[in-house]
Amino acid sequence: MPELPEVETIAKELREKIVNEVFSNVESIWVRSFTQEKGLTLTNRRIIAIDRRGKYLIFNLDKYYLVIHLRMTGQLIVGASKPSRDRYLRLVFKFKSGKYLLFYDLRKFGRIYLTQNPENVLKNVGVDAISEVFTADKFSEMLNGKKSKIKSFLLDQKNIAGLGNIYIDESLFEARIHPETVINSLDDGQKNKLFTAIRKILFDAIDNMGTTISDYKTTGGGFGDHQEYLKVYQRQNQPCIICDSIIEKIKLNGRGTHFCPQCQKKIT
DNA sequence: CTAATCACCTGAAGGC
DNA sequence: TGCCTTCAGGTGATTA
């Protein structure tokens with residue numbers, strides 16, 4: 001479900017809603033959703049700050065860290081009460097104030113870790129796509145000598161953290177680059193254009209509070225708006241908004257991949 | 001190193 | 001209606 005803009009939206013809301021809350025207890029309805037390192041407990045820990053890296057949320061506690069990945073269908077909802085019996089409710093975090101942080105996750109892929117050191121969880125997570133250290137020069141340097149397809153590279157979180165299937169397809173369209181383009185055939189102009197496109201697409205999506213296709217919700221249970229602005233993602237068989245060609249959908253790395261065959265010419 | 005495949009899960013949608 | 005297949009925004013492990 002959520003990529004960087006959705007997680008960023010959730011992080012902002014959680015900062016407003018639960019910073020300074022003190023955990024009272026956790027109820028694990030689906031135990032695999034929550035793991036804690038040996039000897040650590042969440043009880044009495046206060047939330048000092050909430051950070052994000054790629055698609056991960058990091059709760060900085062007065063001791064320890066809570067690291068969260070929502071994967072495909074995870075949702076974090078802040079509530080005043082505990083629902084009696086919700087089908088997809090997996091974890092219930094109770095605060096001493098009486099508030100609740102509820103973790104819903106239909107497909108049960110999401111994970112929440114209590115750890116001494118966030119790097120234990122984030123060791124394979126690369127530079128965040130909207131951080132200041134991710135620059136055009138850095139991007140160009142990362143692409144140097146690479147032989148894989150550009151979309152495969154962008155999907156791999158140890159390269160750049162935060163991009164997923166939706167925003168990669170949208171960024172490649174914005175930059176007019178075919179998703180199967182081999183990296184070492186990109187020229188400097190294209191690399192720069194792609195860098196600019198990635199940032200624009202992500203910041204626009206954040207402004208729209210993310211994209212709700214099926215499961216993504218904000219912490220109050222609301223939806224994002226960015227699905228209204230998608231130009232290629234899930235627009236297969238519809239006309240390109242630039243040139244009227246029919247948007248195609250192929251499989252790349254097992255993922256649905258959308259592009260305009262006219263605007264994003266394949267270089268061979 | 002890359003690439004492909006599976007595994008983890010549940011549900012929706014489409015074909016017959 | 002029902003059965004079967006495929007697909008879904010993610011990632012880690014394993015195998016080639």
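A note on names: the letters A, B, ... follow the listed sequences, proteins ahead of strands, and every chain is numbered from 1.
Within residues 247-261 of chain A, the residues having any heavy atom under 4.0 Å from DNA chain C are, by residue number, A:K249, A:K251, A:R255, A:G256.
A salt bridge links A:R53 with A:E119: the distance from a Lys NZ or Arg NE/NH1/NH2 to an Asp or Glu carboxylate oxygen falls below 4.0 Å. Ion pairing of A:E6 with A:K55 is absent here, as no side-chain N (NZ or NE/NH1/NH2) approaches a carboxylate O to less than 4.0 Å. Salt-bridge check for A:R52 with A:D128: passed, with a basic side-chain N closer than 4.0 Å to an acidic carboxylate O. Ion pairing between A:D187 and A:K191 fails under the 4.0 Å rule for side-chain N and carboxylate O. Residues A:K231 and A:E174 are paired through a salt bridge, judged by an N-O separation under 4.0 Å between the basic side chain and the carboxylate.
Comparing atom distances between the A:Q157 side chain and each of B:dT10, C:dT11, B:dA3 picks out C:dT11 as nearest. Closest to the side chain of A:E3, out of C:dG10, B:dT2, B:dG11, is C:dG10. Closest to the side chain of A:F109, from the set B:dT2, C:dA8, C:dG10, is C:dG10.
Contact check, A:R87 against B:dG11: a side-chain N or O comes under 4.0 Å of OP1 or OP2. When the side-chain nitrogen and oxygen atoms of A:H69 are compared with OP1 and OP2 of C:dT11, one or more of them lie within a distance under 4.0 Å. Between A:K108 and B:dT10 there is a side-chain N or O to OP1 or OP2 distance below 4.0 Å. For A:K55, a side-chain nitrogen or oxygen approaches OP1 or OP2 of C:dT11 to under 4.0 Å. For A:R32, a side-chain nitrogen or oxygen approaches OP1 or OP2 of B:dC9 to under 4.0 Å. Contact annotation: A:Y88 reaches the phosphate of B:dG11 (side-chain N/O to OP1 or OP2, under 4.0 Å).
Note: A:F34 and A:F93 meet the aromatic proximity criterion, with ring centroids under 6.0 Å apart. Aromatic ring centres of A:F139 and A:F134 lie closer together than 6.0 Å.
Heavy atoms of A:K158 sit nowhere under 4.0 angstrom from any nucleic acid atom. At the heavy-atom level, A:Y56 lies under 4.0 Å from the strands shown only through sugar-phosphate atoms.
B:dC9 and C:dC4 are spaced 23 Å apart, taking the P atom of each and rounding to whole Å. Straight-line distance between the P atoms of C:dA8 and B:dT5: roughly 16 Å, to the nearest whole Å.
Across the protein-nucleic acid pair, A:I168 atom CD1 and C:dA8 atom P stand 14 Å apart, rounded to whole Å. Atoms NZ (A:K149) and C1' (B:dT2) sit 11 Å apart, rounded to a whole Å. Distance A:Q236 CD to B:dG14 P: 12 Å, rounded to the nearest Å. Atom CD1 in A:I150 sits roughly 12 Å away from atom P in B:dA3 (whole-Å rounding). Here B:dT2 presents its P atom at 14 Å from CG of A:L155, a figure rounded to the nearest Å. Per the geometry, CD1 belonging to A:I68 stands 18 Å off P belonging to C:dG10, to the nearest Å. A:R107 has its CZ atom 13 Å from the P atom of C:dC7, to the nearest Å. Look at NZ on A:K123: it is 9 Å from P on C:dG12, rounded to the nearest Å.
Cation-pi geometry between A:R199 and A:F203 is not met: the NZ or CZ atom fails to fall both under 6.0 Å from the ring centre and inside 45° of the normal.
Interatomic distance, A:K193 NZ to A:D188 CG, rounded to the nearest 0.5 Å: 14.0 Å.
Paired with A:E180 under the rule salt bridge (Lys or Arg N to Asp or Glu O under 4.0 Å), one option of A:K251, A:K265, A:K266, A:K151 passes, and it is A:K266.
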Dot-bracket assigned to DNA chain B with the 3.5 Å Watson-Crick/G-U criterion, [ ] for crossing and | for other-strand pairs, is .|||||||.|||||||
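Between the side chain of A:E8 and the backbone N or O of A:L4 there is no donor-acceptor pair closer than 3.5 Å.
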